[in-house]
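The block underneath contains the structure these notes are about, expressed in C-alpha coordinates.
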Amino acid sequence: QLQVRESGGGSVQPGGSLRLTCAWSRVSYGPYCMGWFRQKPGQEREGLATIDDDGTTTYADSVKGRFTISQDHMTDTLYLQMNSLNPDDTAMYYCANPRRFRGGCEMGGWRSWGQGTQVTVSS
(Lines give C-alpha, C1' and ligand atoms only; values in the text may rest on other atoms or scores of the structure.)
Protein backbone atom coordinates (compact mmCIF):
# COMPACT_ATOMS: atom_id res chain seq x y z
CA GLN A 1 0.00 0.00 0.00
CA LEU A 2 0.91 3.66 -0.28
CA GLN A 3 0.94 6.72 1.96
CA VAL A 4 0.04 9.87 0.04
CA ARG A 5 -0.39 13.60 0.58
CA GLU A 6 -1.99 15.90 -2.00
CA SER A 7 -1.23 19.58 -2.52
CA GLY A 8 -1.41 22.29 -5.15
CA GLY A 9 -5.12 23.01 -5.23
CA GLY A 10 -6.56 26.47 -5.19
CA SER A 11 -8.94 28.89 -6.84
CA VAL A 12 -8.57 29.77 -10.52
CA GLN A 13 -10.60 31.43 -13.25
CA PRO A 14 -12.12 29.45 -16.12
CA GLY A 15 -9.48 28.62 -18.67
CA GLY A 16 -6.76 28.64 -16.06
CA SER A 17 -4.33 25.91 -15.06
CA LEU A 18 -3.19 24.17 -11.92
CA ARG A 19 -0.68 21.45 -11.19
CA LEU A 20 -1.48 19.10 -8.36
CA THR A 21 1.25 17.28 -6.52
CA CYS A 22 1.13 14.01 -4.62
CA ALA A 23 3.98 13.07 -2.35
CA TRP A 24 3.87 9.34 -1.84
CA SER A 25 5.76 6.62 -0.05
CA ARG A 26 5.58 3.06 -1.32
CA VAL A 27 5.13 0.42 1.34
CA SER A 28 4.88 -2.73 -0.76
CA TYR A 29 7.01 -3.62 -3.74
CA GLY A 30 6.15 -4.94 -7.14
CA PRO A 31 3.97 -3.69 -9.99
CA TYR A 32 1.68 -0.85 -8.98
CA CYS A 33 -0.65 1.82 -10.29
CA MET A 34 -1.15 5.40 -9.19
CA GLY A 35 -3.86 7.83 -10.13
CA TRP A 36 -6.18 10.70 -9.36
CA PHE A 37 -9.88 10.87 -8.69
CA ARG A 38 -12.15 13.73 -7.69
CA GLN A 39 -15.33 13.99 -5.72
CA LYS A 40 -18.01 16.64 -5.48
CA PRO A 41 -20.32 17.01 -2.48
CA GLY A 42 -23.04 14.40 -2.53
CA GLN A 43 -21.61 12.63 -5.57
CA GLU A 44 -19.62 9.49 -6.21
CA ARG A 45 -15.92 9.37 -6.89
CA GLU A 46 -14.92 10.16 -10.47
CA GLY A 47 -11.71 8.57 -11.70
CA LEU A 48 -9.58 10.94 -13.75
CA ALA A 49 -6.27 9.37 -14.66
CA THR A 50 -4.00 6.45 -13.91
CA ILE A 51 -0.36 5.69 -14.55
CA ASP A 52 1.32 2.31 -14.43
CA ASP A 53 4.82 1.65 -13.17
CA ASP A 54 5.97 1.42 -16.78
CA GLY A 55 4.59 4.88 -17.54
CA THR A 56 1.42 3.80 -19.35
CA THR A 57 -1.39 6.29 -18.76
CA THR A 58 -5.16 6.26 -19.03
CA TYR A 59 -7.64 9.14 -18.83
CA ALA A 60 -11.32 9.64 -18.31
CA ASP A 61 -13.09 11.10 -21.32
CA SER A 62 -14.05 14.19 -19.36
CA VAL A 63 -10.42 15.24 -18.90
CA LYS A 64 -8.70 13.70 -21.91
CA GLY A 65 -6.66 16.31 -23.71
CA ARG A 66 -6.80 18.73 -20.78
CA PHE A 67 -5.21 16.82 -17.89
CA THR A 68 -1.85 15.08 -17.86
CA ILE A 69 -0.67 12.62 -15.23
CA SER A 70 3.03 12.08 -14.68
CA GLN A 71 5.40 10.75 -12.07
CA ASP A 72 8.93 11.32 -10.90
CA HIS A 73 10.43 8.08 -9.64
CA MET A 74 13.48 9.88 -8.29
CA THR A 75 11.43 11.87 -5.78
CA ASP A 76 8.39 9.58 -5.40
CA THR A 77 6.11 12.34 -6.63
CA LEU A 78 2.95 12.15 -8.71
CA TYR A 79 1.57 15.11 -10.66
CA LEU A 80 -1.65 16.10 -12.35
CA GLN A 81 -1.31 19.01 -14.75
CA MET A 82 -4.74 20.51 -15.34
CA ASN A 83 -5.32 22.94 -18.21
CA SER A 84 -8.40 24.64 -19.63
CA LEU A 85 -10.21 24.35 -16.34
CA ASN A 86 -13.92 25.05 -16.19
CA PRO A 87 -16.40 25.32 -13.30
CA ASP A 88 -17.37 21.66 -13.73
CA ASP A 89 -13.85 20.78 -12.59
CA THR A 90 -14.55 22.19 -9.14
CA ALA A 91 -14.10 19.33 -6.69
CA MET A 92 -11.89 17.78 -4.08
CA TYR A 93 -9.02 16.01 -5.81
CA TYR A 94 -7.37 12.91 -4.40
CA CYS A 95 -4.25 10.95 -5.18
CA ALA A 96 -4.77 7.24 -4.73
CA ASN A 97 -3.80 3.73 -5.68
CA PRO A 98 -6.19 2.25 -8.25
CA ARG A 99 -6.52 -1.47 -8.73
CA ARG A 100 -3.93 -3.10 -10.92
CA PHE A 101 -4.70 -6.15 -13.01
CA ARG A 102 -2.74 -8.20 -15.52
CA GLY A 103 -3.15 -5.76 -18.38
CA GLY A 104 -2.63 -2.50 -16.54
CA CYS A 105 -4.48 -0.09 -14.30
CA GLU A 106 -8.19 -0.02 -13.61
CA MET A 107 -10.02 3.30 -13.42
CA GLY A 108 -11.44 2.39 -10.07
CA GLY A 109 -10.88 0.27 -7.01
CA TRP A 110 -9.29 3.26 -5.32
CA ARG A 111 -7.29 2.65 -2.18
CA SER A 112 -5.02 4.57 0.19
CA TRP A 113 -6.04 8.10 -0.81
CA GLY A 114 -4.92 11.12 1.16
CA GLN A 115 -6.79 14.08 2.60
CA GLY A 116 -7.31 15.66 -0.81
CA THR A 117 -6.79 19.15 -2.17
CA GLN A 118 -9.62 21.49 -3.15
CA VAL A 119 -9.86 22.89 -6.66
CA THR A 120 -12.30 25.73 -7.28
CA VAL A 121 -12.89 27.19 -10.74
CA SER A 122 -15.01 30.33 -10.87
CA SER A 123 -15.07 33.74 -12.49
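Computed from a predicted structure; not experimentally measured.
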Open item on the list: Closer than 3.5 angstrom, by distance alone: can the side chain of Thr77 be matched with the main-chain N or O of Thr75 as a donor-acceptor pair?
Closed with: yes

- [ ] Using the disulfide bond (SG atoms under 2.5 Å apart) rule, collect all pairs that involve residues 32-76, keeping only residues at least two apart or in two chains.
- [x] Cys33-Cys105

Task: Residues clustered with Trp110, ILVMFWY side-chain links under 4.5 angstrom - done: Phe37, Met92, Tyr94, Met107, Trp113

Task: Sequence neighbours excluded, every pair satisfying disulfide bond (SG atoms under 2.5 Å apart) that has a member inside residues 54-84 - done: none

TODO: First locate atom CG of Leu78, then atom CD of Gln71, and finally report the distance between them rounded to the nearest 0.5 Å.
DONE: 6.5 Å

TODO: Any chance you could measure Arg19, atom CZ, to Tyr79, atom OH, to the nearest 0.5 Å?
DONE: 5.0 Å

Open item on the list: Is the ring pair Tyr32/His73 parallel, tilted or perpendicular, if the boundaries are 30 and 60 degrees?
Closed with: perpendicular

Task: Qualifying residue, where the test is side chain to side chain contact (heavy atoms under 4.5 Å, CB included) with Arg38 and the options are Asp89, Thr117, Val119 - done: Asp89

TODO: Kindly determine whether Tyr59 and Trp36 satisfy ring-ring contact (aromatic ring centres under 6.0 Å, His included), including the steps that lead there.
DONE: CA-CA 10 Å; Tyr59 296 94; Trp36 294 89; over 10 Å; no

Task: Test item: Thr50 and Thr57 side chains (from C-beta on) under 4.5 Å apart, heavy atoms - done: no

- [ ] Check for a donor-acceptor pair, side chain of Gln118 on one end and backbone N or O of Ala91 on the other, with a separation under 3.5 Å.
- [x] yes

Atom pairs and distances, side-chain donor-acceptor, residues 6-13, under 3.5 Å, sequence neighbours left out:
unit_1, atom_1, unit_2, atom_2, d
Glu6, OE1, Gln115, N, 3.1
Glu6, OE1, Gly116, N, 2.8
Glu6, OE2, Cys95, N, 2.8
Glu6, OE2, Gly114, N, 3.1

TODO: Apply side-chain hydrogen bond (donor to acceptor under 3.5 Å, both in side chains) to Ser123 and list each qualifying residue two or more places apart in sequence or on a separate chain.
DONE: none

Open item on the list: Looking at Trp24 and Gln3, would you say the former's side chain and the latter's main chain have a donor-acceptor pair under 3.5 Å?
Closed with: no

Task: From Ile51 atom CD1 to Thr68 atom OG1, the distance as rounded to the nearest 0.5 Å - done: 10.5 Å

TODO: Tell me yes or no: between the side chains of Glu106 and Thr58, is some donor less than 3.5 Å from an acceptor?
DONE: no

Task: Cys22 versus Val4, closest heavy-atom pair with distance - done: SG-CB, 3.7 Å

Enumerate donor-acceptor pairs with a distance under 3.5 Å from any side-chain N or O in residues 80-87 to protein atoms, sequence neighbours excluded.
unit_1, atom_1, unit_2, atom_2, d
Gln81, NE2, Asn83, OD1, 3.0
Asn83, OD1, Ser17, OG, 2.9
Asn86, OD1, Asp88, N, 2.9

- [ ] Check whether any side-chain heavy atom of Leu18 sits under 4.5 Å from a side-chain heavy atom of Val121, and report yes or no.
- [x] no

TODO: Could you tell me which non-hydrogen atom of Asp52 sits nearest to which non-hydrogen atom of Gly104, and how far apart they are?
DONE: OD2-CA, 3.7 Å

